[in-house]
Number of protein chains: 2
Amino acid sequence: MTTSLARTDTSTSPRKRAGNGAALRDDVDQIGLDALVGHAGYAVRRFQLWIFQDFIKTLGAVDIRPTQYSVLTVIGANPGLSQMAVAKRLGIERARLVHLLDSLEQRRLVKRIKSKTDRRSHALHLTAQGDTALAKFKRLAAAHERHVEEKIGRANREQLLQILACFT
Amino acid sequence: MTTSLARTDTSTSPRKRAGNGAALRDDVDQIGLDALVGHAGYAVRRFQLWIFQDFIKTLGAVDIRPTQYSVLTVIGANPGLSQMAVAKRLGIERARLVHLLDSLEQRRLVKRIKSKTDRRSHALHLTAQGDTALAKFKRLAAAHERHVEEKIGRANREQLLQILACFT
DNA sequence: CGCAATTGTTGTCGTCAACAACAATCTTTC
DNA sequence: GAAAGATTGTTGTTGACGACAACAATTGCG
């Protein structure tokens with residue numbers, strides 16, 4: 001059993017100065033996380049924060065954020081998709097995709113082409129400029145992925161991808 | 001270009017709507033992710049979304065969100081911490097922690113006690129009510145963690161925690 | 001034809017991270 | 001001991017993001 005409700009002292013036994021308002025323990029390394037260490041969500045949240053920050057920093061020169069990169073990649077690999085299809089595939093709101101595409105279209109990376117078979121929808125394509133830009137983005141993204149590998153290890157990254165493959 | 005195929009069609013393959021012809025490919029299962037499949041960040045983002053939604057839903061009856069839970073857990077395990085110490089340990093902005101604590105203090109789960117040794121800082125403690133409430137939260141959080149286990153498998157969850165331990 | 005569903009769009013709301021600035025208070029340094 | 005610098009809590013702003021709701025135009029189907 002992982003956590004019984006008994007408040008047993010955690011792994012490390014930090015000196016609990018039980019006194020109210022006693023000295024404050026500011027030493028970060030000594031602060032126990034208690035039940036949090038058993039929660040995958042906490043570790044994943046911290047990891048995602050780190051990984052997104054590295055992505056944003058690594059692609060900072062081209063000003064591309066993770067969500068923008070995912071949209072460009074999917075459109076590049078599947079030209080002609082509708083906004084609804086991209087939104088569903090990436091798990092983002094179609095309302096949000098509107099603003100994403102507005103930004104990418106303003107930057108001449110993507111174009112919305114009115115579909116002839118369904119006048120409601122737009123067929124999404126990369127512009128020629130967007131195609132060459134995406135190639136550059138992919139190189140930078142690969143560099144970012146190497147940072148991940150250096151951080152958690154090559155084998156661990158592989159296992160991670162395999163474990164979470166069911167969410168992609 | 002890169003043809004990434006062989007998507008193992010997983011569980012639900014409901015009903016492929018016999019929509020219009022070959023104009024727009026709306027079939028979500030057939031849309032390739034291209035370079036995204038090799039990016040840990042994408043999988044982690046999707047996973048975190050799923051795991052947080054399950055957490056929020058599982059703890060919906062008590063109206064506790066992941067960040068609130070993490071704050072309560074750390075305070076419960078380390079009474080007397082300053083706000084700065086909690087913020088640094090959990091990796092959240094101290095400005096954000098202010099609002100978090102305002103909310104938790106209004107709900108009588110946490111109390112800020114003015115430190116005698118450092119009149120700038122507050123010593124954070126759970127109230128008696130907060131202590132019993134946290135015990136209940138932990139039971140619900142354990143149920144959420146079982147959902148994670150059912151989703152990705154027991155061994156995979158263990159490996160995930162081990163791989164990401166360096167971020168906690 | 002008529003009605004339900006879909007698509008793109010606009011808007012609002014709440015969460016969250018990242019900064020910047022500030023007053024009060026400690027700490028260091030001269 | 002006083003001035004200068006650092007820390008703590010606080011307030012505010014900005015922007016990305018997810019979740020909803022409503023709407024017009026359009027399509028599909030009974």
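All values reported here derive from a predicted model rather than from experimental measurement. Proteins get letters first, then strands, A, B, ... in listed order; numbering begins at 1 in each.
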What is the per-nucleotide protein-contact pattern of nucleotides 23-28 of chain C, from the 5' end, where B denotes a base atom under 4.0 Å from a protein heavy atom, S denotes such proximity for sugar-phosphate atoms only, and - denotes neither? -BBS--
Listing, residues 148-161 of chain A side-chain donor-acceptor contacts under 3.5 Å, not counting sequence neighbours, or none:
unit_1, atom_1, unit_2, atom_2, d
A:N156, ND2, A:I152, O, 2.9
A:R157, NE, A:E145, OE2, 2.9
A:R157, NH2, B:G38, O, 2.6

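- With sequence neighbours excluded, the residues satisfying ring-ring contact (aromatic ring centres under 6.0 Å, His included) with A:H144 are A:F55.
- One can place CG of B:L124 at 12 Å from C1' of D:dT8, the figure rounded to the nearest angstrom.
- Atoms NZ (A:K88) and C1' (C:dT7) sit 10 Å apart, rounded to a whole Å.
- In terms of the salt bridge (Lys or Arg N to Asp or Glu O under 4.0 Å) criterion, A:R96 has no residue partners (sequence neighbours excluded).
- Between A:R94 and D:dG18, a side-chain N or O to OP1/OP2 separation shorter than 4.0 Å is absent.
- Rounded to an integer number of Å, the gap from NE2 of A:H122 to P of C:dT7 is 13 Å.
- Of the residues in residues 56-75 of chain B, none lies under 4.0 Å from DNA chain D by heavy-atom distance.
- A side-chain donor-acceptor contact under 3.5 Å links A:T127 to the backbone of A:R108.
- Atoms CG (B:L81) and P (D:dT8) sit 12 Å apart, rounded to a whole Å.
- If you check residues 95-106 of chain A against DNA chain C, the residues with a heavy atom closer than 4.0 Å are A:A95, A:V98, listed by number.
- Remark: the backbone N or O of B:G76 is not paired with any side-chain donor or acceptor of B:D131 at under 3.5 angstrom.
- Other cluster members for B:L49: none, since no ILVMFWY side-chain heavy atom sits under 4.5 Å from it.
- For B:I92 and C:dT15, the CD1 to C1' distance is 13 Å, given to the nearest whole Å.
- Through direct or relayed side-chain contacts under 4.5 Å between Ile, Leu, Val, Met, Phe, Trp and Tyr, A:I56 connects to no other residue.
- Taking atom CZ on B:R112 and atom C1' on D:dG9, their separation rounds to 8 Å, with Å as the unit.
- Applying the side chain to side chain donor-acceptor pair (under 3.5 Å) test to pairs two or more places apart or on separate chains, those with a residue in residues 60-70 of chain A are A:Y69-B:H39.
- Among residues two or more places apart in sequence or in another chain, the ring-ring contact (aromatic ring centres under 6.0 Å, His included) test is passed with A:F137 by none.
- Whole-Å rounding puts the B:E93 CD to D:dT11 P distance at 16 Å.
- Every side-chain hydrogen bond (donor to acceptor under 3.5 Å, both in side chains) that A:R112 has, sequence neighbours left out, goes to A:Q83, A:D102, A:E105.
- A straight line from CD of B:Q83 to C1' of D:dT11 spans 13 Å, rounded to a whole angstrom.
- The stretch residues 43-62 of chain A participates, sequence neighbours left out, in no salt bridge (Lys or Arg N to Asp or Glu O under 4.0 Å) pair at all.
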